[in-house]
Trainee: 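Take a look at this one; I'll ask things after.
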Amino acid sequence: MSKTLYDKVFEDHVVHKDDSGSYLLYIDRHLVHEVTSPQAFEGLKNAGRKLRRTDCTLATVDHNIPTDSRANFKSTSTFIKQQDSKLQVETLEQNVKDFDVPFFGMTDDRQGIVHIIGPEQGFTLPGTTVVCGDSHTSTHGAFGSLAFGIGTSEVEHVLATQTIIQAKSKNMRIFIDGDLSPGITSKDLILHVIGVIGTAGGTGSVIEFQGLAIENLSMEARMSICNMAIEAGARAGMIKPDQTTFDYIKGRPLAPKDAEWEKAVSYWKTLHSDDDAKFDYDITIKASDIIPTITWGTSPQDALPITGSVPDPSKIEDPIKKSGMERALKYMGLTPNVPFKEIPIDKVFIGSCTNARIEDLRSAAKVVKGYKKADTVKRALVVPGSGLVKKQAEKEGLNKIFENAGFEWREAGCSMCLGMNPDILDPEERCASTSNRNFEGRQGALSRTHLMSPAMAAAAGINGYFSDIREYKYIENSEPIQIRVEQEDKALQDAVYDHEKKPIAEGETEEELENDEINDIPPAEHDANQAPSDSADGGNSSNAFLTLTSITAPLDRANVDTDAIIPKQFLKTIKRTGLKAGLFYESRFSKNEQGEDVATDFVLNVAPYDKSEILLVTGDNFGCGSSREHAPWALKDFGIKSIIAPSFGDIFYNNSFKNFLLPIRLPQEIILEKLYPIATKGEQLTIDLPNQQIRGPNDEILIEHFDVEPFRKHCLVNGLDDIGLTLQKEKYIIEYEALRKDKFSFLEQGSKNVVPVQGSKKSKFGLKTQEW
Ligand SMILES: CC(C)[C@H](C(=O)O)[C@@H](O)C(=O)O
Ligand code: SF4
């Protein structure tokens, strides 16, 4: 039977299939960062569980770390000034020691954004399953791996079992017909695609990108495309591996070598969709239709060609779309019909897991070279995606080009992509950004983000206005510094052996340093919200969801992203509880003249809805975007136990079940006709999970049947912790591991070959002298 690329990779990882149709998949590569892991490690500790495979796990710090020069770095505790950020980073530093996880910390040149370092090290390989507690894990699909973001409960599940419970997604193909026109980048391509299919377009599907335009792209450009597959709502994005892929991987530190390399490549060559494979959805986009693209609104689907103007809501008929557009334009401070090229900007951000690789920096540097940043542009930040990208760029002299133009050259991290560190925009500042999300408040409270390619962001920084890169006048050979090195220097990676940044301050011993850091970490407390797992099947009747009767808060919005449900400043906790105050923070509160929070008339602030346990959303795609499990934690903390909406972001949907919160999908017209009138009257609905029904205030049946996958229902009705359930299937995991060791022996080394940095704190790995 013919298969798609997704079918092949999925099937090669099935450990077990349940009668209910739910699969247990083996995970080859697990990337870990500081934001979504503390509660997972705490869960392991509380339950006395081990980490199953450290060799399949690789950790780094990226979201919270300042991008200031680390030239005088002494210790995390002195370097990071924001207390909550410091705590998250130090908690990961402690957890990697406690669980023996290979780790790239701040004294290591290999540290960087988690989705940059995996491919850079050769940890990400074709045909593997790759997960991370981060939505942009989709990036790794560029290698033909099945890579997707997971929530913190799933991180814990993977740490404990090296597997994940999955349902099979639908197959979607996006075929790019023809090749891209000159000057058009992969960022324009993916923004264009999202503009066409919308942020819910890929929901429930794995997208395979195909066509000449894709085949002609470099690996880095392919990564930018798959990176933003999540912004199209997809579970994952994939591109079949080819010679470009193999050339990129060969020689990287953690890639297979010699005979294992040959064995790997012959398997990888089988990883493509068969000619007659069937896709559930098939979309063709003409490459010649794609021109430089930017976003104007507060969702990545608000994408238009740079030659266009701000859209006009008066021309829109659909009332939900019209009010959404009005709201976005008001937030963005934009007037309808103004040409994009006449809109001035305040700041530039060149960075993020979408566009902070060496090719991105090269293309921005070419634009900047020989010019000065416009006087009206207050700041332009260039943040390399990893320490190694930074090194490579410095070797090529790109840092000098940026600095000569008045751009700031920073250290690696997520930075202003979401501003969990000090890099944020001031309210109402407009930013030309190479990142992937333009949500309200994303780059700082009331910040205004416009997404675009690195070359376009750089051009905006020079001109002071959004600019069409095709009209831009490059200055060639005007400066002594040339962009000479077109090939990435893989040998630079060996430089970690002689890197200059010594982590230990003069006069301070390793032991003192270690003690300093440990002293800053409060002892782990038992988290009351953590599902106890001492019973054999992990059951806990207090979590069980049977029937729920409550008034229902109506929410008339579409595309409510998880940044809106719980903004970034509340992600810095290492606990699962205490998030009630942050729920819908930007909507529930505004600042008065004294700068204090004042409650708005947002539905959850107003009686009787402030006591609602059900949220009824009329628009599509609730919980899209980030994988933060903090979103269901905050909803739960507020008292919400069920959410009804036409559709949900895939990761949010999963995360809800893990927290015994029931998401129910119903068609929009049914919601509007049958449930909305009751909700707006402040009357009660009853959700009956065992019978899969919704009843009205007089117990009349409103919804005869709603869908919920049998396995999820079983777990919810019985209050089951699925780590406990999976561990009961350990015999299948052991069997799979034996098969894997033989058939996929080239995956066995994994992160075992990670060499600790010289002079780093004591590591249980010891200082190896492996050859790379
Ligand atoms: C912090 C993390 C959960 C989040 C994500 O999942 O994407 C972040 O990386 C983001 O980009 O919003
Ligand atoms: S999207 Fe931004 S915050 Fe999220 S991982 Fe990528 S760079 Fe970091």
Side-chain angles (χ1 to χ4, degrees), residues 31-40 60-65 67 84-85 88-89 92 111-119 131-140 147-155 187 190 223-224 226-231 233 235 300 349-357 360 381 383-386 389 410 412-421 423-424 431 433-444 449 451 561-574 579 623-634 649-652 654-655:
L31 291 152
V32 172
H33 67 61
E34 79 279 11
V35 183
T36 49
S37 62
Q39 298 85 349
T60 193
V61 280
D62 50 9
H63 286 70
N64 280 279
I65 53 175
T67 54
D84 39 11
S85 289
Q88 255 186 3
V89 172
L92 181 58
Q111 172 270 332
I113 306 172
V114 75
H115 311 305
I116 305 244
I117 64 154
V131 295
C132 172
D134 197 285
S135 54
H136 289 100
T137 309
S138 59
T139 312
H140 310 260
F148 49 89
I150 56 178
T152 297
S153 299
E154 290 177 310
V155 169
K187 184 64 164 285
I190 189 65
M223 283 189 248
S224 306
C226 289
N227 171 276
M228 288 193 73
I230 181 70
E231 259 57 68
R235 185 91 189 106
F349 171 61
I350 297 173
S352 88
C353 56
T354 316
N355 281 130
R357 298 180 180 83
D360 300 315
L381 253 67
V383 186
S386 71
V389 171
R410 315 284 296 185
C414 293
S415 178
M416 203 188 265
C417 173
L418 97 163
M420 279 186 76
N421 75 347
D423 302 339
I424 52 168
C431 183
S433 177
T434 67
S435 53
N436 44 51
R437 289 185 174 145
N438 49 352
F439 300 149
E440 289 184 19
R442 173 77 180 177
Q443 294 189 292
T449 305
L451 307 176
D561 55 76
T562 50
D563 279 61
I565 299 173
I566 186 87
K568 54 174 167 271
Q569 60 271 34
F570 300 98
L571 305 189
K572 298 190 185 189
T573 174
I574 56 168
L579 288 160
C624 57
S626 150
S627 66
R628 54 192 76 174
E629 197 163 316
H630 309 69
W633 294 338
D650 281 347
I651 309 178
F652 175 83
N654 262 332
N655 284 343

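Whatever order the structure lists them in is the order used to number ligands and atoms, beginning at 1. Numbering of residues begins at 1 and proceeds along the displayed sequence.
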Trainee: Compare all side-chain heavy atoms of Cys624 with those of Phe652 and state whether any distance is below 4.5 angstrom.
Mentor: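 No, their side chains stay 4.5 Å or more apart.
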Trainee: Can a non-hydrogen atom of Arg437 be found less than 4.0 Å from any atom of ligand 1?
Mentor: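 Arg437 counts as a contact of ligand 1 under the 4.0 Å cut-off.
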Trainee: What protein heavy atom sits nearest atom 2 (C) of ligand 1, and how far off is it?
Mentor: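 Ranked first by proximity to atom 2 (C) of ligand 1 is Asp134 OD2, 3.5 Å.
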Trainee: For residues Gln443 and Thr449, is any side-chain donor paired with an opposing acceptor at under 3.5 Å?
Mentor: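 Result is yes, a qualifying pair exists.
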Trainee: Rounded to the nearest 0.5 Å, what separates atom CG in Asn355 from atom CG in Asn227?
Mentor: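 Spacing of CG (Asn355) from CG (Asn227) equals 8.0 Å.
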Trainee: Please name the pair of heavy atoms, one in Trp633 and one in Leu579, separated by the smallest distance, quoted to 0.1 Å.
Mentor: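 So the two residues come closest at CB-CD1, 3.7 Å.
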Trainee: Between the side chains of Asp423 and Thr67, is a donor N or O closer than 3.5 angstrom to an acceptor N or O?
Mentor: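 Present: a donor and an acceptor within the cut-off.
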Trainee: What part of His63, side chain from CB on, backbone N/CA/C/O, both or neither, has a heavy atom under 4.0 Å from ligand 1?
Mentor: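 Answer for His63: side chain.
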Trainee: Could you check whether any side-chain N or O of Arg437 sits under 3.5 Å from a backbone N or O of Pro300, counting only pairs where one atom can act as donor and the other as acceptor?
Mentor: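 No; zero donor-acceptor contacts below 3.5 Å.
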Trainee: Does the Lys572 side chain pair with the main chain of Met420, one donor and one acceptor, at a distance under 3.5 Å?
Mentor: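 Here the side-chain-to-backbone pair exists.
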Trainee: Do side-chain atoms of Gln88 reach the backbone of Ile574 as a donor and acceptor pair under 3.5 angstrom?
Mentor: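 Not confirmed, Gln88 side chain does not pair with Ile574 backbone.
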Trainee: Would you check the N or O atoms of Arg628, main chain and side chain alike, for any that come under 3.5 Å of an N or O of ligand 1?
Mentor: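 Yes: some nitrogen or oxygen of Arg628 is under 3.5 Å from one in ligand 1.
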Trainee: Can a donor-acceptor pair be found between the side chains of His115 and Asp134 at a distance below 3.5 Å?
Mentor: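 Checked: His115/Asp134 side chains pair up, N/O donor to acceptor below 3.5 Å.
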Trainee: Considering Ala631, Gly149, Ser627 one by one, which has a heavy atom nearer to atom 3 (C) of ligand 1 than any of the others?
Mentor: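 Comparing heavy atoms across Ala631, Gly149, Ser627, the nearest one to atom 3 (C) of ligand 1 lies in Ser627.
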Trainee: Quick one: are Leu92 and Val32 in side-chain contact, heavy atoms under 4.5 Å?
Mentor: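 Answer yes - side chains close enough.
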Trainee: Under 2.8 Å from atom 6 (Fe) of ligand 2, which protein N/O/S atoms are there?
Mentor: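 The answer is Cys353 SG.
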Trainee: Taking non-hydrogen atoms only, is His63 closer than 4.0 angstrom to ligand 2 via side chain, backbone, both or neither?
Mentor: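 Contact part for His63 vs ligand 2: side chain (C-beta onward).
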Trainee: Touching ligand 2 at all, Lys568? Heavy atoms, strictly under 4.0 Å?
Mentor: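 No, Lys568 has no heavy atoms under 4.0 Å from ligand 2.
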Trainee: Numbering the atoms of ligand 1 from 1, which are under 4.0 Å from a heavy atom of Thr36?
Mentor: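 So the answer, numbered in order with elements, is 3 (C).
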Trainee: Considering only heavy atoms of Arg442, which atoms of ligand 1 have at least one such atom less than 4.0 Å away?
Mentor: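 Counting atoms of ligand 1 from 1, those under 4.0 Å from Arg442 are 10 (C), 11 (O), 12 (O).
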Trainee: Does any N or O atom in Asp563 lie less than 3.5 angstrom from one in ligand 1, N or O only?
Mentor: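 In this structure, Asp563 places no N or O atom under 3.5 Å from an N or O of ligand 1.
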Trainee: Starting from atom 4 (C) of ligand 1, locate the nearest protein heavy atom and write down its residue, its atom name and how far away it is, to 0.1 Å.
Mentor: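 Residue, atom and distance for the closest contact: Ser626 OG, 3.3 Å.
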Trainee: Counting heavy atoms only, which part of Met228 comes closer than 4.0 Å to ligand 2: side chain, backbone, both or neither?
Mentor: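 The answer is neither.
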Trainee: Any heavy atom of His630 closer to ligand 1 than 4.0 angstrom?
Mentor: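 Contact check His630 vs ligand 1: negative.
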Trainee: Check whether Ser386 reaches the backbone of Val389 with its side chain - one donor and one acceptor, N or O, closer than 3.5 Å.
Mentor: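 Looks like yes, one N/O pair under 3.5 Å.
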Trainee: Just which atoms of ligand 1 are under 4.0 Å from any heavy atom in Ser135?
Mentor: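 Counting atoms of ligand 1 from 1, those under 4.0 Å from Ser135 are 5 (C), 6 (O), 7 (O).
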Trainee: The criterion is side chain to side chain donor-acceptor pair (under 3.5 Å); which residues satisfy it with Arg628, sequence neighbours excluded?
Mentor: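 Applying side chain to side chain donor-acceptor pair (under 3.5 Å) to Arg628 gives Asp563, Ser626.
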Trainee: For Ser435 and Ser352, which heavy atoms make the closest approach, and how far apart are they?
Mentor: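 Closest pair (atom of Ser435, atom of Ser352, distance): CA-OG, 3.4 Å.
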